[in-house]
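Everything below concerns the one structure shown next.
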Amino acid sequence: MAEITLNFPDGAQKSYEAGIKPIEVASSIAKSLAKKSVSAKLNGHYVGMNDPLTEGGDFQLITTADEESLDILRHSTSHLLAQAMRRLPKFAHAHFGVGPFIENGFYYDTDNGAGNQVSVEDFPEIEAMMKKIVKEDLPILSHEISRAEALETFKDDPYKVELINDLPEDEPISVAVQGEHIELDRGGLVPSTGWIKHFKLVSVAGSYWRGQSDNAVLQRVYGTAFWNAEDLEADLQRRAEAKERDHRNIGRDLDLFFTSQKVGSGLPVWLPNGATIRRQVERYIVDKELANDYLHVYTPVLSNLNLYKTSGHWDHYREDMFPPMDMGDGEFLELRPMNCPSHISVYQHKPRSYRDLPLRIAELGMMHRYEKSGALTGLSRVREMTLNDGHTFVAPDQLEEEFKSILKMTMAVYEDFNITDYRFRLSYRDPENTAKYFDDDEMWEKSQAQLKRAMDDMGLDYFEAPGEAAFYGPKLDIQTKTALGGEETLSTIQLDFLLPERFDLTYVGEDGQDNHRPVMLHRGIVGTMERFTAYLIEMYKGAFPTWLAPLQVQIIPVNNGAHGAYANKIKQKLQEAGLRANVETKEAKMGYLIREAQTKKVPYTLVLGDDEQDNQTVTVRRYGQQETEKMSADAFKDLVLKDVANYSRVAE
RNA sequence: GCCGACUUAGCUCAGCUGGUAGAGCACCGCUCUUGUAAAGCGGGGGUCGAAGGUUCGAAUCCUUUAGUCGGCACCA
């Protein structure tokens, strides 16, 4: 029998008889290792623990201690789900799409025919069958098959047939078998169904086959799995707690904003509390921009449609714009979907010299987009929004430096908000589908390289995302995760060689010629006020830092009659210092009022009675704390002012 | 926009197979009136998302429609 040589990750080499299984290799090293080994990798490809090794090479065992093992578990759980559904009469003839692991679990796309879709009500029955199959502890074995065999095996599964037909000619096709169930599969599975003990089906939702909106919609069943019950329980708990962070719930509980059918879908109304938070953010960012040489302007939300025809927005986004208003005299007005053409008009208003550059125009610009109904979500996806928009016009040789300075300002803002969880994404055009983008290969190559070079210069980590560029150029997007786990763009810096061309922007160079073409940078730091506020709500779970809190100080007189006047005096003192304070006059027991101040997450609660009044002091209780502290009214004022001045930064 | 689920008082929700609406919190009133997470009693409030239909009778069944939610697609 032939021998094969395996190279282990620690550098060791060992020879085995060909046909040996990873489980046997593991046992030869240590019994305990065999017990916790989930799968193996040979030369970077998965091999099941019970599949024979026919060749040597770099060999690695994956154990339950490896992060990767969770992916394997979840991938296996998706197969288990499919097998269980097939065993139930109701789903015996269901067709299956793909069933991969994802970040927090797995999903499987199913098609049980219109009107018979799987629903959450079916979950208990499916889960019960899954558990039964786990008990059967069916071995999971993989092997290669020919294309013809594969097509024969999956002939009743049209989606699988499509997948097989789309595999490149030279790609080997493998399947995974567990009991009566067979899956088209590349590997990375647990040794047997008995390994899958702790799992849960989470939700089901429609989803286009292969992500193409002209394809059929399949029912995507989501689930998750863990190695032990505690982790599963903790994850389900996390999912439930994430809902408590949802800005839509907090927005209602704290009276921040509402949306209603009466006003219109996707058109949020900012209540006083929410408006206060927004106003603080707006004042903050405008001041920051002014300090960074931005020139703030006001431009109309409504403009001549031709502006957007020239810019290309009309061509690219007509479907997502509000219909133009026909004024009857040949003029068409459009609710602007973007502010760039307005700021370009500012640039064009008079001849520009190279000495003016970089020219930085900024505005809290309100824009309207007719977002598809299914996309609307609270404040994070709306039809009317105000963008923290800025456009910088630079000479081509100033581009990289300006890019870097914008990025520095952005990161300084993040520090003030104590935003630490973000990633840089370089968004390039999709090389497979260049039709959606401005057609100038050289421009794309050059600007994408410039972007990358600037990031490398600054020594920042990033990932590259083909297909995420704007139609006019590549961009740097700063990505974050929302409370509910969604990926979201917080800030963006976009390179634009196109619009200066389209609008024929020029500046007078040192040579006196007014034929030099500037480059534009589009940037948003705190994004739209709507989305950013939603983000803040979720990040702080409604417990806003003092500088943003709608109400900063709640004052509770022990007795309205006896201490009301003193309470009002303190309130006035605080208000004169620019703070937001309120005296509670409701007739209620103190415990009740204290509780209310805490549930409304007011940063500071003052209780004022005889003692305070006699000594001109206040008794302070901070949000989330039980202890109280007595201090002079002035000391308290200074304390809060200092807190406000610190923004959200981590206290020194 | 697509698929599915949901829509009952300001909020959270109950209301079995059709017999014309209920709780808690909130709100208002009264009683109580001095110290850190819910005092007691009483009251007002809903054409059950909307429109059509079936029925002697519809919150409940059917159709259409709107919105919300979960995803997908889209996201300048």
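Naming: A, B, ... by sequence-line order, numbering from 1 per chain.
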Legend entry - Distance (rounded to the nearest 0.5 Å) between A/Ile126 CD1 and A/Phe91 CZ: 4.5 Å
Inset, instruction - Measure from CZ on A/Arg248 to P on B/U7 and round the result to the nearest Å. - result: 17 Å
Inset, instruction - Indicate, yes or no, whether a donor-acceptor pair under 3.5 Å links the base of B/A73 to the side chain of A/Arg210. - result: no
Inset, instruction - Would you indicate what A/His522 reaches in the nucleic acid, counting non-hydrogen atoms under 4.0 angstrom: base, sugar-phosphate, or nothing? - result: nothing
Inset, instruction - Look through every strand shown and name the nucleotide pairing with B/G4 as Watson-Crick or G-U wobble, where both distances are under 3.5 Å. - result: B/C69
Inset, instruction - For the pair A/Thr377 (side chain) and A/Ala375 (backbone), establish whether a donor and an acceptor sit closer than 3.5 Å, ignoring hydrogens and angles. - result: yes
Legend entry - Distance in angstrom units between A/Asp477 CG and B/A76 P, rounded: 8 Å
Inset, instruction - Using a cut-off of strictly less than 4.0 Å, decide whether A/Ser265 has a side-chain nitrogen or oxygen near OP1 or OP2 of B/A66. - result: no
Inset, instruction - Classify the nucleic acid contact of A/Lys243 as base, sugar-phosphate or nothing, counting any heavy atom under 4.0 Å across all strands shown. - result: nothing
Inset, instruction - Would you mind telling me which of B/A73, B/U34, B/C75 lies closest to the side-chain atoms of A/Arg531? - result: B/C75
Inset, instruction - Using only heavy-atom distances, decide whether a donor-acceptor pair under 3.5 angstrom links the side-chain of A/Lys372 to the base of B/C75. - result: no
Legend entry - Between P of B/U68 and CG of A/Leu379, the distance in whole Å: 13 Å
May I have the list of side-chain donor-acceptor pairs in residues 113-120 of chain A shorter than 3.5 Å, sequence neighbours left out?
residue, atom, partner, partner atom, Å
A/Gln117, OE1, A/Gly115, N, 3.0
A/Ser119, OG, A/Glu121, N, 3.1

Inset, instruction - Using the P atom as the reference point in each nucleotide, state the distance between B/U60 and B/U8 in Å, no decimals. - result: 13 Å
Legend entry - Short side-chain N/O contact to B/G1 OP1/OP2 from A/Ser373, under 4.0 Å: yes
Legend entry - Partner nucleotide of B/C56 by Watson-Crick or wobble geometry (both distances under 3.5 Å): B/G19
Legend entry - For B/A9, the Watson-Crick or wobble partner whose two distances fall under 3.5 Å: none
Inset, instruction - Using both distances under 3.5 Å as the test, list the Watson-Crick or G-U wobble partner of B/A39, or none. - result: B/U31
Legend entry - Between B/G1 and B/G10 - P atom distance, rounded Å: 28 Å
Legend entry - Base-pairing assignment for B/C74 (Watson-Crick or G-U wobble, both under 3.5 Å): none
Inset, instruction - Quick one: label A/Gln212 by what it contacts on the DNA or RNA (base, sugar-phosphate, nothing), any heavy atom closer than 4.0 Å. - result: nothing
Legend entry - Along RNA chain B (nearest heavy atom to each residue), the more 5'-positioned of A/Ser213 and A/Ala588: A/Ala588
Legend entry - Span that lies between the C1' atom of B/C62 and that of B/G29, in whole angstrom: 46 Å
Inset, instruction - Would you tell me if any nitrogen or oxygen in the side chain of A/Arg318 comes within less than 4.0 Å of OP1 or OP2 on B/A76? - result: no
Legend entry - Rounded distance (Å) that lies between atom C1' of B/G71 and atom CG of A/Leu376: 15 Å
Legend entry - Rounded C1' spacing from B/C72 to B/C28 in Å: 48 Å
Legend entry - Side chain of A/Arg220 - closest among B/A76, B/C72, B/C27: B/C72
Legend entry - A/Lys589 side chain near B/A37 phosphate (N/O to OP1/OP2, under 4.0 Å): no
Inset, instruction - Select base, sugar-phosphate, or nothing to describe what A/Lys262 touches, counting heavy atoms under 4.0 Å on all strands. - result: nothing
Legend entry - Rounded distance in Å between the P positions of B/A9 and B/A14: 12 Å
Legend entry - Ring centers of A/His313, A/Phe471 separated by less than 6.0 Å: yes
Inset, instruction - Would you indicate which nucleotide in B/A76, B/U12, B/G71 comes nearest to any side-chain atom of A/Arg252? - result: B/U12
Inset, instruction - Would you please say whether a donor-acceptor pair under 3.5 Å links the side chains of A/Tyr428 and A/Glu464? - result: yes
Inset, instruction - Provide the distance between the two P atoms, one in B/U65 and one in B/A5, to the nearest whole Å. - result: 15 Å
Inset, instruction - Would you mind classifying the nucleic acid contact of A/Gly591 as base, sugar-phosphate or nothing, using non-hydrogen atoms under 4.0 angstrom? - result: sugar-phosphate
Legend entry - Distance, rounded to the nearest Å, where A/Asp109 contributes CG and B/G4 contributes C1': 14 Å
Legend entry - Whether A/Asp430 side chain and A/Gly467 backbone form a donor-acceptor pair below 3.5 Å: no
Legend entry - Heavy-atom donor-acceptor pair, A/Tyr370 side-chain to B/G1 base, under 3.5 Å: no
Legend entry - Reference residue A/Phe636; test side-chain contact (heavy atoms from CB on, under 4.5 Å); the match among A/Val553, A/Thr619, A/Thr617, A/Ile570: A/Val553
Inset, instruction - For A/Tyr222, answer base if it contacts any base atom (sugar-phosphate contacts may also be present), sugar-phosphate if it contacts only those atoms, and nothing otherwise; contact means non-hydrogen atoms under 4.0 Å. - result: sugar-phosphate
Inset, instruction - Counting heavy atoms from C-beta on, name the nucleotide in B/G70, B/C2, B/A76 closest to the side chain of A/Leu484. - result: B/G70
Inset, instruction - Can you tell me, in whole Å, how much space there is between the P of B/A23 and that of B/G15? - result: 15 Å
Legend entry - Options B/C72, B/A76, B/A39, nucleotide nearest the side-chain atoms of A/Tyr472: B/A76
Inset, instruction - Name the residue closer to the 5' end of RNA chain B, choosing between A/Thr377 and A/Asp611 according to the nucleotide with the nearest heavy atom. - result: A/Asp611
Inset, instruction - Could you work out which one of B/A73, B/A38, B/A76 sits closest to the side chain of A/Arg595? - result: B/A38
Inset, instruction - Looking only at side-chain atoms of A/Ala375, point me to the closest of B/A73, B/A76, B/A37. - result: B/A73
Legend entry - Closest to the A/His313 side chain, choosing from B/G71, B/A76, B/G4: B/A76
Inset, instruction - In whole angstrom, give me the gap between the P atoms of B/U7 and B/U12. - result: 12 Å
Legend entry - Atom-to-atom span, CG of A/Asn433 to P of B/C74 - whole angstrom: 11 Å
Inset, instruction - Return the value, rounded to whole Å, for the distance between atom CD of A/Glu384 and atom P of B/C75. - result: 22 Å
Inset, instruction - Determine if A/Tyr592 stacks with B/A39; use a centre-to-centre distance below 5.5 Å and an interplanar angle below 30° as the criteria. - result: no
Legend entry - Donor/acceptor link under 3.5 angstrom from A/Arg381 side chain onto base of B/C74: yes
Legend entry - Donor-acceptor pair (no angle test) under 3.5 Å: A/Gln219 side chain, B/G71 base: no
Legend entry - Which nucleotide in B/C3, B/C32, B/C75 has an atom nearest any side-chain atom of A/Val217: B/C3
Legend entry - Below 4.0 Å: OP1/OP2 of B/G4 and any side-chain N or O of A/Gln117: yes
Legend entry - From B/G35, B/A37, B/C72, nucleotide with atom closest to A/Arg621 side chain: B/A37
Inset, instruction - Could you check how far CG of A/Asn559 sits from P of B/C32, rounded to whole Å? - result: 14 Å
Inset, instruction - May I ask you to decide whether A/Lys481 forms a salt bridge with A/Glu488, counting only side-chain N to carboxylate O separations under 4.0 Å? - result: no
Inset, instruction - Could you tell me whether A/Asp109 and A/Lys160 make a salt bridge, using a distance below 4.0 angstrom between a side-chain N and a carboxylate O? - result: no
Legend entry - Centroid separation A/His247 to A/Tyr535 less than 6.0 Å: no
Legend entry - Watson-Crick or G-U wobble partner of B/G45, both distances under 3.5 Å: none
